[in-house]
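To start, the structure itself, in structure tokens.
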Amino acid sequence: MDATRKPAALLAAVAVFIAISASGVCAAAPFTEDTAIVDMQRLLRDSVPAKAAEAHMAKVREVLQKGLTEMNAAYKNQASSPEIQAQLREGQAVLERQLEAERQAVLKILIDLTYETIREWRAANPKCKIVLNREQVLDSDSALDITDAVMASMKGKNLKFPALPTVTVNTPPAPADKK
């Protein structure tokens with residue numbers, strides 16, 4: 001390439017770069033009215049169904065704590081035995097696993113209801129193409145936030161929780177008399 005063509009080629013490349021930049025091809029896509037944002041943490045913490053889930057979990061904890069108390073009372077006369085201590089630890093571990101299983105089940109029910117309500121909102125607002133979680137967005141126009149609308153829709157929804165767990169404590173055999 002001769003010296004006169006180099007500046008012309010460079011000038012052409014700069015012109016193409018400017019044209020692409022001006023067209024917005026390289027720019028980030030702006031938020032538009034077809035985008036909505038929802039605060040999932042707030043829905044899972046503050047909505048009416050979330051409060052119902054908390055109340056249900058309080059009842060679950062109460063039932064399991066009562067079972068733990070009954071188990072400790074049933075075995076208190078034999079608590080010094082290493083075998084009984086191991087059984088008490090195992091019983092407590094079973095109750096803790098049950099509590100976690102109940103928590104996971106209730107959380108899944110609450111999340112499913114929240115997603116269902118968001119999908120219903122989107123169906124009622126067909127112009128919206130995407131709903132983003134607030135945690136994934138660095139900054140946005142507050143007009144895009146639909147959290148209050150979704151929370152209002154969730155007020156009328158009832159959750160069906162699993163039945164409360166039952167705890168059965170096996171009564172220990174009476175200690176053998178030492179003669």
Side-chain angles (χ1 to χ4, degrees), residues 24-75 85-172:
V25 171
C26 293
F31 283 106
T32 62
E33 65 276 352
D34 63 353
T35 301
I37 297 171
V38 68
D39 187 340
M40 285 294 292
Q41 292 300 344
R42 186 171 154 222
L43 293 174
L44 296 176
R45 180 189 65 233
D46 298 337
S47 67
V48 170
K51 299 299 183 190
E54 284 179 25
H56 178 77
M57 285 307 300
K59 291 176 188 173
V60 167
R61 280 189 291 279
E62 184 180 306
V63 167
L64 296 177
Q65 182 59 49
K66 183 177 179 227
L68 180 63
T69 301
E70 289 173 2
M71 180 180 65
N72 286 328
Y75 285 88
Q85 288 177 358
Q87 288 177 351
L88 289 172
R89 281 192 302 276
E90 176 59 26
Q92 183 170 355
V94 166
L95 293 175
E96 288 171 1
R97 286 191 300 270
Q98 182 64 36
L99 179 63
E100 181 58 21
E102 296 283 340
R103 190 186 73 73
Q104 290 294 326
V106 167
L107 183 59
K108 181 184 181 330
I109 291 167
L110 181 59
I111 288 172
D112 288 350
L113 176 81
T114 304
Y115 285 158
E116 174 187 317
T117 307
I118 291 168
R119 282 190 296 274
E120 289 171 358
W121 180 91
R122 245 192 86 223
N125 295 275
K127 193 170 187 179
C128 182
K129 304 294 182 226
I130 186 169
V131 177
L132 301 171
N133 187 349
R134 163 78 50 211
E135 289 184 5
Q136 306 304 316
V137 177
L138 296 176
D139 190 30
S140 68
D141 186 330
S142 62
L144 298 174
D145 192 322
I146 64 166
T147 305
D148 289 339
V150 173
M151 194 171 298
S153 294
M154 290 176 76
K155 280 184 184 177
K157 308 254 178 164
N158 293 315
L159 295 178
K160 176 89 169 105
F161 296 116
L164 291 175
T166 58
V167 178
T168 304
V169 176
N170 296 324
T171 307

### Query
Is any side-chain N of the basic residue among Arg97 and Glu90 closer than 4.0 Å to the acidic one's carboxylate O?
yes
### Query
Where is the tightest heavy-atom contact between Gly67 and Val169, given as atom of each residue plus distance?
O-CG2, 3.7 Å
### Task
Check each of Glu102, Arg103, Gln65 against Val60 using the side chain to side chain contact (heavy atoms under 4.5 Å, CB included) test, and report the only one that passes.
Glu102
### Task
Might you point out which heavy atoms bring Ile37 and Asn133 nearest each other, and give the distance in Å?
CG2-C, 4.5 Å
### Query
What closest approach, in Å, do Leu43 and Thr147 show between heavy atoms, and which atom pair accounts for it?
CD2-O, 3.8 Å
### Message
Contact between Pro165 and Leu64 at the side-chain level, heavy atoms closer than 4.5 Å - yes or no?
### Response
yes
### Query
Would you say Arg45's side chain and Ala50's backbone share a donor-acceptor pair under 3.5 angstrom?
no
### Query
CG/Leu44 to OG1/Thr114 distance, rounded to the nearest 0.5 angstrom?
4.5 Å
### Query
Tyr75 and Leu88: which non-hydrogen atoms are nearest, and at how many Å?
CB-CD2, 3.9 Å
### Task
Decide yes or no on side-chain contact (heavy atoms from CB on, under 4.5 Å) for Glu120 and Val150, but give the supporting numbers first.
CA-CA 9 Å; Glu120 289 171 358; Val150 173; over 6 Å; no
### Message
Once side-chain hydrogen bond (donor to acceptor under 3.5 Å, both in side chains) is applied, do any residues pair with Arg119, and if so which ones, sequence neighbours excluded?
### Response
none
### Query
Can you tell which of Val137, Leu132, Asp141, Val131 makes a side chain to side chain contact (heavy atoms under 4.5 Å, CB included) with Thr35?
Leu132
### Message
Can you give me the closest heavy-atom contact between Leu159 and Phe161, atom names plus distance?
### Response
CD1-CZ, 3.4 Å
### Query
Do Leu99 and Arg61 touch side chain to side chain, with heavy atoms closer than 4.5 Å?
yes
### Message
Taking the side chain as everything from C-beta on, heavy atoms only, tell me whether Met151 gets closer than 4.5 Å to Arg42.
### Response
yes
### Sidechain-backbone polar pair: Thr117 side chain, Met154 backbone, donor-acceptor under 3.5 Å
no
### Task
Would you name the heavy atoms of Gly91 and Met71 that are closest together and state the gap between them?
CA-SD, 3.7 Å
### Query
If we only count heavy atoms from C-beta on, is the Glu135 to Met40 side-chain gap below 4.5 Å?
no
### Query
About how many Å separate NZ of Lys160 and NE2 of His56, when rounded to the nearest 0.5 Å?
10.0 Å
### Message
I want to check something: taking the side chain as every heavy atom from C-beta on, are Pro162 and Ile109 in contact at a cut-off of under 4.5 Å?
### Response
yes
#### Entry: Any side-chain heavy-atom pair of Gln98 and Val94 under 4.5 Å
no
### Query
Does Lys66 come within less than 4.0 Å of Glu70, counting only side-chain N to carboxylate O?
yes
